[in-house]
Amino acid sequence: MAPVPNSPVKVGHIDDVQELRKTKPRTVPHRFVRDMTDRPTLPTTPLPPPDTHMPVIDFSKLTKGNKDEIFNLATACQEWGFFQVINHEIDLNLLERIENLSREFFMLPLEEKQKYPMAPGTVQGYGQAFVFSEDQKLDWCNMFALGLEPEYLRNPNLWPKRPERFSETVEEYSREIRKLCYNLLKDIALGLDLKGDVFEKMFGVSVQAIRMNYYPPCSRPDLVLGLSPHSDGSALTVLQQAKGGPVGLQILKNNTWLPIQPIPNALVINIGDTIEVLTNGKYRSVEHRAVAHEEKDRLSIVTFFAPSYEVELGPMPEFVDENHPCMYRRYNHGEYSKHYVTNKLQGKKTLDFAKIQTKNTN
């Protein structure tokens, strides 16, 4: 949730996908139709069994200091960059409430949602983020996003009055997710043989934002993407997938898009670009995307957790030696965040911002 771009952004007309679904249910406008190479296709060869199931981490074991589970967490971070967390200690009623209120918001009349517009080139409010040109392909998705922490990131004009108790529930939910992120970062640090509080101390007042994604059914899901492939610029991302929805999340593993079956009441966690930089590539952020479904809609709630914008970041000395040369430069995290949110989603391309470019010697 970084500052706005330096110059005005012209994005052209963007159809609201929920309205399209209501008024022209069989129509997929050209701007949503992906080029042949970008269209979602089923993997032609199934992956071997060890690579088909995202790791599951039992948070209750982590809180007891279970060394085997900390090892499992470290393995998940290194080999997958993604894992599902069960027994996370967040009240399941709260998960249900945030899910129901998010859905209620998306079901409001369009004119009500448009009271909280996402301005072109920004990432707060209702609309489509990461659109920067009039010919850019669009995602089959409606988004609503809010900056949460620190306080100065908030735009009070974008916090909706309807549905009732939406704002209070977002606040409560976000406090619980924040605690979870700090606890997970502690255990991730321990798995790296670091002091448990190293990330908390380094990050300062951590930045936190929330985004709700709504994916209506699409008559031609083979032509569109719900969300373009990308890695996250955060340190950690927490994903809640609404109950009863189709499988929509896919992650890129061994050059194959792998669909992820959600576990009821679990949260999906993924490593962001920030952790990749800090660990000098030992833990890598992983490309992921969302696909649409022909008959079912899908709702997800995503929290992004990252260092303060004032923090200088670079590979930690523990991860740099003669066998592991420094892969990333030091940079200001606020500058990286601004770079991230003012570029379209395009795999891991935004991380080029931090990479040390090696010179070819002939």
So do the side chains of [X] and [Y] get within less than 4.5 Å of each other, counting heavy atoms only?
X    : Y    : value
K137 : L225 : no
K201 : K195 : no
I188 : F199 : yes
D232 : I271 : no
Q241 : L249 : yes
L194 : E318 : yes
Y328 : F353 : no
K186 : D197 : no

Do [X] and [Y] have side-chain N/O donor and acceptor atoms under 3.5 Å apart?
X    : Y    : answer
Y214 : D297 : yes
N155 : Q124 : no
S308 : E310 : yes
D135 : S133 : yes
T63  : S60  : no
E287 : S231 : no
N213 : S300 : yes
Y126 : N142 : yes

Mind listing the closest non-hydrogen atom pair of [X] and [Y] along with its distance?
X    : Y    : result
G147 : W159 : O-CZ2, 3.9 Å
P117 : L158 : O-CD2, 3.7 Å
E276 : S285 : OE1-N, 2.9 Å
C326 : V320 : N-CG1, 3.9 Å
A74  : G191 : CB-O, 4.0 Å
G314 : L278 : O-CD2, 3.4 Å

Do the side chain of [X] and the main chain of [Y] share a donor and acceptor less than 3.5 angstrom apart?
X    : Y    : answer
R39  : R34  : yes
R103 : A242 : no
H339 : A354 : no
N332 : G334 : yes
E149 : A209 : no
Q136 : F130 : yes
Q240 : L267 : no
T274 : G233 : yes
Q208 : S174 : yes
N280 : M327 : yes

With D187, the side chain to side chain contact (heavy atoms under 4.5 Å, CB included) member among L62, I57, L192 =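 The single option meeting the side chain to side chain contact (heavy atoms under 4.5 Å, CB included) with D187 is L62.
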With a 6.0 Å cut-off (strictly less than), is the heavy-atom count around [atom1] of [X], excluding the residue itself, greater than 12?
X    : atom1 : answer
K61  : NZ    : no
N255 : CG    : no
K355 : NZ    : yes

Grouping I, L, V, M, F, W and Y whenever their side-chain heavy atoms are under 4.5 Å apart, do [X] and [Y] come out in a common cluster?
X    : Y    : result
L92  : I98  : yes
I86  : I70  : no
L146 : M212 : yes
V247 : L239 : no
Y283 : V56  : no

Take H324 and F319, measure what ring-ring contact (aromatic ring centres under 6.0 Å, His included) needs, and give me the verdict at the end.
-> CA-CA 7 Å; H324 304 90; F319 304 104; 9.1 Å; no
May I ask you to decide whether [X] forms a salt bridge with [Y], counting only side-chain N to carboxylate O separations under 4.0 Å?
X    : Y    : result
D139 : R289 : no
K113 : E104 : no
E335 : K338 : no
E172 : R175 : no

Going by the angle between their ring planes, with limits at 30° and 60°, are Y336 and Y331 parallel, tilted or perpendicular?
->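 The arrangement is tilted - the two ring planes meet at 30° to 60°.
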Using the ring of each side chain (for Trp, its six-membered ring), is F105 parallel, tilted or perpendicular to Y116, with breaks at 30° and 60°?
-> tilted
Reported [atom1]-to-[atom2] distance for the pair [X] and [Y], which is rounded to 0.5 angstrom:
X    : Y    : atom1 : atom2 : result
H333 : S206 : NE2   : OG    : 9.0 Å
E99  : L299 : CD    : CG    : 6.5 Å
H88  : I177 : NE2   : CD1   : 7.5 Å
N87  : I90  : CG    : CD1   : 12.0 Å
W140 : Q18  : CH2   : CD    : 10.5 Å
F59  : I269 : CZ    : CD1   : 9.5 Å

Is the gap between the ring centers of F305 and Y182 under 6.0 Å?
-> yes
Any chance the rings of F82 and H288 have centres within less than 6.0 Å?
->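 That pair passes the under 6.0 Å test.
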Would you verify whether the NZ or CZ of R178 falls within 45 degrees of the ring axis of Y173 while also being under 6.0 Å from that six-membered ring's centre?
-> no
